[in-house]
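Each remark here refers to the structure printed beneath this line.
Reckoned from all heavy atoms, side chains included, excluding hydrogens, waters and symmetry mates.
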Amino acid sequence: MLLSKQTRLLAAFDHRHIFLDPDPDPATSWTERARMFALPSSSWADYNAKLISKGGGVFARSLKSIPISAQVKAMLEIKADAMAPTELINAILKSQAELLYLGGIGTYVKAQREANADVGDRATMRCGSTAATCGSRSWARARTSA
């Protein structure tokens, strides 16, 4: 996410947080991601909230419900006023995007023919999606060490 200063990171998630920025400024958000990358360890909670566009935020996945702003509703093409974190991640995976970048551990997208049990990733079963329902035009996966 640091290779291009033109990247508009709209949404991201890890095992702790969900990050939403409905109308990011590419240069500002690149600088903030670079700052976070240089930290010894970081999470989306370290992102400067003042730099997130109207309606966005960083939300703990431990919350029972996350409020959905008008801007996020428009970005994800959803109608709900609030969603459980797993539902929100599923909506992110299904939303229209130029790129879906899978940067860490976890199987969030599976083949249509696969059952959740086939994937073997119990932690992501409730929020994952099938390749056929993902709204992304292209996909990339980070290389992880063996």
Checklist outcome for this item: In terms of heavy-atom contacts, L10 and P22 come closest through CD2-O, 3.8 Å
Checklist entry - What residues form a side chain to side chain donor-acceptor pair (under 3.5 Å) with K5, not counting sequence neighbours? => result none
Next on the checklist: Could you go through M83 and I78, starting from their C-alpha distance and side-chain angles, then the distance that decides it, and tell me whether this counts as side-chain contact (heavy atoms from CB on, under 4.5 Å)?
Outcome noted: CA-CA 10 Å; M83 299 175 97; I78 56 176; 3.6 Å; yes
Next on the checklist: Show me the pairs that pass salt bridge (Lys or Arg N to Asp or Glu O under 4.0 Å) and involve residues 38-60, at least two apart or across chains.
Outcome noted: none
Checklist entry - Got a second to check how far S41's OG is from M36's CE, nearest 0.5 Å? => result 10.5 Å
Checklist entry - After noting the C-alpha distance and the side-chain angles of I68 and D81, does the key distance pass the side-chain contact (heavy atoms from CB on, under 4.5 Å) rule? => result CA-CA 5 Å; I68 308 299; D81 293 325; 5.8 Å; no
Checklist entry - If you look only at pairs with a residue in residues 17-32, which of them pass as a side-chain hydrogen bond (donor to acceptor under 3.5 Å, both in side chains), with sequence neighbours excluded? => result R8-D23, D21-S53, D25-T28, S29-R33, E32-R35
Checklist outcome for this item: Smallest heavy-atom separation, G55 atom then Q71 atom, equals CA-OE1, 3.4 Å
Item to check | Residues I92, L20; criterion side-chain contact (heavy atoms from CB on, under 4.5 Å); working and verdict | outcome: CA-CA 9 Å; I92 291 167; L20 300 167; 4.0 Å; yes
Checklist outcome for this item: Note: R61 and I18 closest approach over all heavy atoms is CG-CG1, 3.8 Å
Next on the checklist: By the ring-ring contact (aromatic ring centres under 6.0 Å, His included) test, which pairs, at least two apart or in different chains, include something from residues 45-88?
Outcome noted: F19-Y47
Next on the checklist: Please evaluate residues E87 and I66 with respect to the criterion side-chain contact (heavy atoms from CB on, under 4.5 Å), reporting the C-alpha separation (whole Å), side-chain torsions for both, the decisive distance (0.1 Å), and the verdict.
Outcome noted: CA-CA 10 Å; E87 295 171 326; I66 296 173; over 6 Å; no
Checklist entry - In chain order, what residues pass the side chain to side chain donor-acceptor pair (under 3.5 Å) check against N48, with sequence neighbours excluded? => result none
Checklist entry - Can you check whether L9's main-chain N or O pairs, donor with acceptor, with T7's side chain at less than 3.5 Å? => result no
Checklist outcome for this item: Taken in chain and number order and not counting sequence neighbours, the residues that satisfy side chain to side chain donor-acceptor pair (under 3.5 Å) with E77 are none
Checklist entry - Around L3, counting heavy atoms of other residues, nucleotides and ligands shown, do more than 12 lie under 6.0 Å from its CG? => result no
